[in-house]
Every structure is written in structure tokens, then in C-alpha cells.
Amino acid sequence: MSTITFSTAAIVPAVPATRLRLTARGRRVVLALAAVPLAAGIAFGALSGGSAMASNDQVATASFETVTVMPGDTLWSIAEGIAPQADPREVIGEITRLNALEGGALQIGEQLGIPAQFSE
């Protein structure tokens, strides 16, 4: 004959893994480790970028005259007024590039820089 035995021992379920909890000291350590590359980058930028600003090279300054846009003025009329001997299309192109104009629209009272080769 065969025998069957029953056990009264309880089955213990597996304990789920706990999440990682950082203490205040652990948070400070992680923050310090993350800040080291940032501090190194700032130090490198400060040490290597300072030499460019402290040079004794002479800087050429550009001087140009300005024209105030009056009512009825167009780029064409301004170009003919400042350089009557030159092709107005070339003068308009230079004025547009110097002043970063888009579309050729002018506002009354606007100050336009005149390229050096056309100023008198």
C-alpha cells in the first residue's frame, strides 16, 4: 500500500525586490558626481577662452555715413542721390546687404547705412 502525507508548512511567497532608496548622503554623492563634468567644462572654457579676449591686435573699425529715409524716398532714389555715376541696381544691392533689408520696404525716419565706396 502507498501512503500519502500532508504537510502543514505554509508556502511563503517570494518577496518583491525593493526599490533603491537614496539617503540624503547618497543624494549628495550622486549630485557631486554629476557636477564634476560640468565644473570641468566651465573651467576649461574659462581658461582657454580668456586668451582670445586679451590680445593686443588692432581692430579695424568701419566708418560709414547714414541717410534718413524721408517721405517718398525709395531705394532707387536714395541710390541715385548718393552715387549718380554708379549703376543704381548695384548701389541698391550694397545698401540692402549692409542694412540687412528684406523686400526693399523702407520706413519713414529709418536710418540707412551707406557703403563706404559710395559715401562722399
TODO: Answer yes or no: does atom CD of E102 have more than 12 heavy-atom neighbours from other residues, nucleotides or ligands under 6.0 Å?
DONE: no

TODO: Taking all non-hydrogen atoms of both residues into account, name the closest pair between V91 and A83 and its distance.
DONE: CG2-CB, 3.9 Å

Task: Nearest-0.5 Å distance, OG1 of residue T68 to CG of residue L106 - done: 12.0 Å

Task: Residue pair I92 / A79: nearest heavy atoms and the distance that separates them - done: CG1-CB, 3.8 Å

TODO: Report yes or no: do M70 and I78 belong to one cluster of Ile/Leu/Val/Met/Phe/Trp/Tyr joined by side chain heavy-atom distances under 4.5 Å?
DONE: no

- [ ] Measure the shortest side-chain to side-chain distance between V29 and L22 over non-hydrogen atoms and say whether it is less than 4.5 angstrom.
- [x] no

Task: D73 side chain to V69 backbone, donor-acceptor under 3.5 Å - done: no

Open item on the list: With a 4.5 Å cut-off on side-chain heavy-atom distances among I, L, V, M, F, W and Y, is there a chain of contacts connecting V67 to I95?
Closed with: yes

Open item on the list: Nearest 0.5 angstrom please: N99 CG to E94 CD, how far?
Closed with: 11.0 Å

TODO: Check E110 against A105 and note the closest heavy-atom contact, atom names and distance.
DONE: OE1-O, 4.4 Å

TODO: Could you tell me whether Q107 atom CD has more than 12 heavy atoms of other residues or ligands within 6.0 Å of it?
DONE: no

- [ ] Give the C-alpha distance, both sets of side-chain angles, the deciding distance and a yes or no for side-chain contact (heavy atoms from CB on, under 4.5 Å) between L112 and L75.
- [x] CA-CA 10 Å; L112 294 178; L75 282 173; 4.3 Å; yes

